[in-house]
Amino acid sequence: MAADLNELRTMIEAALPGAKVEVVDEGGGDHLRAIVAAPQFEGRSRLEQHRLVKAAVKERFDDGTIHALSVRTSLPD
Amino acid sequence: MAANPELRQQLEQAIDQNPVLLLMKGTPDAPRCGFSMRTVGILEQVGVEYGAIDVLPVLQPLRDVTAEISDWQTFPQLYVNGELVGGCDIVEEMFESGELSELLGVEQPATPPRSGDGSVGGGEDPEGPHQSPPMQIET
């Protein structure tokens, strides 16, 4: 089952209010990339930033919709 | 799910004993996943000695262990001096910025790889790869 990119974006936005989120398909519908700029990242390590993003879409990992999610995090401009 | 205590102990021991440890899918010579391959490529470019564990034979039990000890469930995972650094994305980002070389106490290689092309530097490493033999964790 291919992942719903919009749903994933909404899930990340809901977990990180105010974040600028882009989710793109890198092939096959289950290898995705999320580019997230969120104010919540301030003062957090990269590892913690990635944990926040992955936690937001954990349900879709658990149900097998996504197998791989590349994450690129930054602070908002 | 609660992690297998024996496996957890084995992994913690491996992390203790290897200043640089990569948990990966496959082996450095035969990676079984593009992300693991990219991470191996970076370590070889940096030229650091590292231990490698193939997670595939014990994938789910190891996920449960790393979820407990590092709050991280995907592979590859790079540990340096007992601490999780991150997966492929973080390792790549830190390599490009020079932070990884700094963390590992080595000089930044002259030509970083292009991001995301899966190449390991075109075989131009004059010193050859530095790596310890792959380890296997058995249950």
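Throughout, a chain's letter reflects where its sequence line sits, starting with A, and its residues are numbered from 1.
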**Student:** Are A/Arg72 and B/Asp89 ion-paired here, with the side-chain N under 4.0 Å from a carboxylate O?
**Tutor:** no
**Student:** What's the spacing between B/Glu93 CD and A/Ser74 OG if we round to 0.5 Å?
**Tutor:** 8.5 Å
**Student:** For A/Glu48, I'd like to know if atom CD has over 12 heavy atoms of other residues, nucleotides or ligands within 6.0 Å.
**Tutor:** yes
**Student:** Give the intermediate values and the outcome of side chain to side chain contact (heavy atoms under 4.5 Å, CB included) for residues B/Gln73 and A/Lys54.
**Tutor:** CA-CA 10 Å; B/Gln73 300 192 54; A/Lys54 295 216 168 161; over 6 Å; no
**Student:** Holding to side-chain contact (heavy atoms from CB on, under 4.5 Å), I want the full list of residues that pass it with A/Leu8, two or more places apart in sequence or in another chain.
**Tutor:** A/Ala3, A/Met11, A/Val23, A/Leu32, A/Val57, A/Arg60, A/Ile66
**Student:** How far does CD1 of B/Ile90 sit from OG of A/Ser70, to the nearest 0.5 angstrom?
**Tutor:** 11.5 Å
**Student:** Same cluster or not: B/Ile42 versus B/Phe35, using hydrophobic residues (I, L, V, M, F, W, Y) connected whenever any side-chain heavy atoms lie under 4.5 Å apart?
**Tutor:** no
**Student:** Around B/Glu107, counting heavy atoms of other residues, nucleotides and ligands shown, do more than 12 lie under 6.0 Å from its CD?
**Tutor:** no
**Student:** Using a 4.5 Å cut-off on heavy atoms from C-beta on, say whether the side chain of B/Trp72 contacts that of A/His50.
**Tutor:** yes
**Student:** Quick check on the hydrophobic clustering: are B/Leu21 and B/Leu103 connected, directly or via other members, by side-chain heavy-atom contacts under 4.5 Å?
**Tutor:** yes
**Student:** State whether the number of non-hydrogen atoms from other residues, nucleotides or ligands found under 6.0 Å of A/Glu26 atom CD is greater than 12.
**Tutor:** yes
**Student:** Output the distance between atom CE (B/Met94) and atom CZ (A/Arg46), rounded to the nearest 0.5 Å.
**Tutor:** 6.0 Å
**Student:** How long is the gap from OG1 on B/Thr74 to NE2 on A/His67, to the nearest 0.5 Å?
**Tutor:** 13.0 Å
**Student:** For B/Glu99, is it the side chain, the backbone, both, or neither that has a heavy atom closer than 4.5 Å to a heavy atom of chain A?
**Tutor:** side chain
**Student:** Atom CZ of residue position A/Arg44 - does it have more than 12 heavy atoms of other residues, nucleotides or ligands inside 6.0 Å?
**Tutor:** no
**Student:** Hey, does the side chain of A/Arg51 reach the backbone of B/Asp71 with a donor-acceptor pair shorter than 3.5 angstrom?
**Tutor:** yes
**Student:** Once you round to the nearest 0.5 Å, how far does CD of B/Glu83 lie from CG of A/Leu47?
**Tutor:** 9.0 Å
